[in-house]
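Read the structure below first, then the notes.
The figures that follow rest on heavy atoms only: side chains count, while hydrogens, waters and symmetry mates do not. First the proteins, then the strands, lettered A, B, ... as listed; each starts at 1.
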2 protein chains.
Amino acid sequence: MDKKYKLILVEDDSSLGYLLSEYLGMKNFNVVWAKTAEEAIVKTKSNAFDLAILDVMLPDMDGFELSQKIKGINPELPFLFLTARSLKIDVLKGFSLGAVDYLKKPIDEEELVVRINALLSRLSTSEEEEEHASEYYMGDYTLNMDNFELRYKNELIKLTGKEFDLLALLAKNQNQLCTHKEILTTIWDKNDYFNKKSLNVFVSHLRKHLAKDKRLSIVNVNRRGFMLRVEE
Amino acid sequence: MDKKYKLILVEDDSSLGYLLSEYLGMKNFNVVWAKTAEEAIVKTKSNAFDLAILDVMLPDMDGFELSQKIKGINPELPFLFLTARSLKIDVLKGFSLGAVDYLKKPIDEEELVVRINALLSRLSTSEEEEEHASEYYMGDYTLNMDNFELRYKNELIKLTGKEFDLLALLAKNQNQLCTHKEILTTIWDKNDYFNKKSLNVFVSHLRKHLAKDKRLSIVNVNRRGFMLRVEE
DNA sequence: AATCCTATTAATCTTTCATTAACCTTTTTG
DNA sequence: CAAAAAGGTTAATGAAAGATTAATAGGATT
């Protein structure tokens, strides 16, 4: 049996939203429907979606802005934009090569399913490729991977080697849980009681370093691991 | 595998900045996104960019003014301006000291990639002269690669062979980390404990030589390497 | 061969940083 | 709800890395 993919549909129009979620449900997708951007953000935090379908015109926020925030929560999520405007299409068409696509309204449901599957299949094939970003952004902080520098609004913050390694791992997976095992095996090479104690110390240090931006927090998930949370 | 070019995109508009950096990332560019001119200046100091894409209208500074400042930091950097205004070519003529191009908004991303590649290819043909830069400038010091001379405001400072090699490497990568491995393999050919000890001695010598300009410092990044930092 | 120059090695001192310990707070479990 | 486990924070410690100066050795030059 195929994996049942979980989608979030962000659409303020009730009729269209209902119609699409029903239709996609019939097509064996697990659909969560959010009517506002705010709702979408909350839902993204508490669900592991495989794909997001966003109306670009929402009552409370621009769809692109929303996509950015969602990406902050779940960086791997592919997007499918629903747009009535033809204006932005020239901006979006370039994305048809990557994990972003768009559809013009009115929506053709069959076409929608084709696009969804295209995005999902692309995701699974490119899962292996490692991303080597040279900078990670977290709120007003920037972590530069080339010179091992952390900056808060251009102010340099000195990090030790292990502090940097840990923050880099958390930043790479921001808003996603890093398990104890994952952290300890990548940074300490060994997953034992004493290294776990050491990890706690470093988490504490990093919290101090990141204290200047209230939107950032390193949260503990009891018995599982840590997560760098970046709030919108 | 092709070299991954590193670009800085200076764009205050969140939606456009996000879309472009995502798109260029997909096109296998390493993109660093700055939202303000000030941010751009800091990032230019701490990254070795191959190209800069500047919005001409920024909240804190005019894009052309910014380009001049960036040019002061990285003189070889080619520019690509994004402009809403229909600019006449003669305005850009003043900038044709280096590789410069411009694109009108709204941006056609495919066109953007074509222009970027055009600028970069122009760069690579003249890469020969970049590698053989005859002088490096660090604060009030000048390192002449042709006659192996270091000068502080015209005052000649005598360097030994290894001192020169090391300073040249650091100067070429100023404000960027040079790892122990990088230094030892390029200057000593072998990366072992004793050469590392020797490196420390030379760093100490160079610090004395560079002491006359307080803005210069050779900083150590524990267990990673050294960096020639040039302030302001 | 004596002198000069320079890179390496040695010796010594200082700094840095990961670990450990100690103690406190929060969460989980029985 | 009490005991136990896990997590949080700060400080002490010691080993490793780095900085600096001096000594040595080896090659080149005269």
Residues at least two apart in sequence or cross-chain that pass salt bridge (Lys or Arg N to Asp or Glu O under 4.0 Å) with A/E149, listed by chain then number, are A/R151, B/R229
In numerical order, the residues of residues 157-166 of chain A whose heavy atoms come under 4.0 Å of DNA chain C are A/T160, A/G161, A/K162
Bend of the helix from C/dA1-D/dT30 to C/dG30-D/dC1 from end-axis comparison, five pairs per end, nearest 10°, comes to 40°
Hits for side chain to side chain contact (heavy atoms under 4.5 Å, CB included) against A/K190, two or more places apart or cross-chain, chain-then-number order -> A/D192, A/N195
Sorted by chain and residue number, the side chain to side chain contact (heavy atoms under 4.5 Å, CB included) partners of A/Y152 (sequence neighbours excluded) come out as A/D140, A/Y141, A/E155, A/I157, A/K212, A/D213
Sorted by chain and residue number, the side chain to side chain contact (heavy atoms under 4.5 Å, CB included) partners of A/K27 (sequence neighbours excluded) come out as A/Y23, A/F29, A/V113
Taken in chain and number order and not counting sequence neighbours, the residues that satisfy side chain to side chain contact (heavy atoms under 4.5 Å, CB included) with B/N191 are B/K181, B/L184, B/T185
Residues passing the ring pair (Phe, Tyr, Trp, His ring centres under 6.0 Å) test with A/F148, sequence neighbours excluded, are A/F164
Residue set satisfying salt bridge (Lys or Arg N to Asp or Glu O under 4.0 Å) with A/D165, at least two apart, ordered chain then number -> B/R224
Pick out the pairs of N or O atoms, protein on one side and nucleotides 2-7 of chain D on the other, that lie under 3.5 Å.
residue	atom	partner	partner atom	Å
D/dG7	OP1	A/R223	N	3.0

Residue set satisfying ring pair (Phe, Tyr, Trp, His ring centres under 6.0 Å) with A/F194, at least two apart, ordered chain then number -> none
Comparing nearest nucleotides in DNA chain C, the 5'-proximal residue of the pair A/F194, B/N195 is B/N195
Item to check | Non-hydrogen side-chain atoms of A/D13 and A/Y18 separated by less than 4.5 Å | outcome: no
note: A/H209, atom NE2; D/dT10, atom P; distance rounded to Å ~ 12 Å
Outermost contacting nts on DNA chain C, any atom under 4.0 Å from chain A heavy atoms, listed 5' then 3', are C/dC17 to C/dT28
To the nearest angstrom, the CG-P distance between B/L199 and D/dA17 comes to 14 Å
| Which part of the nucleic acid does A/V201 contact within heavy-atom distance under 4.0 Å: base, sugar-phosphate only, or nothing? | base
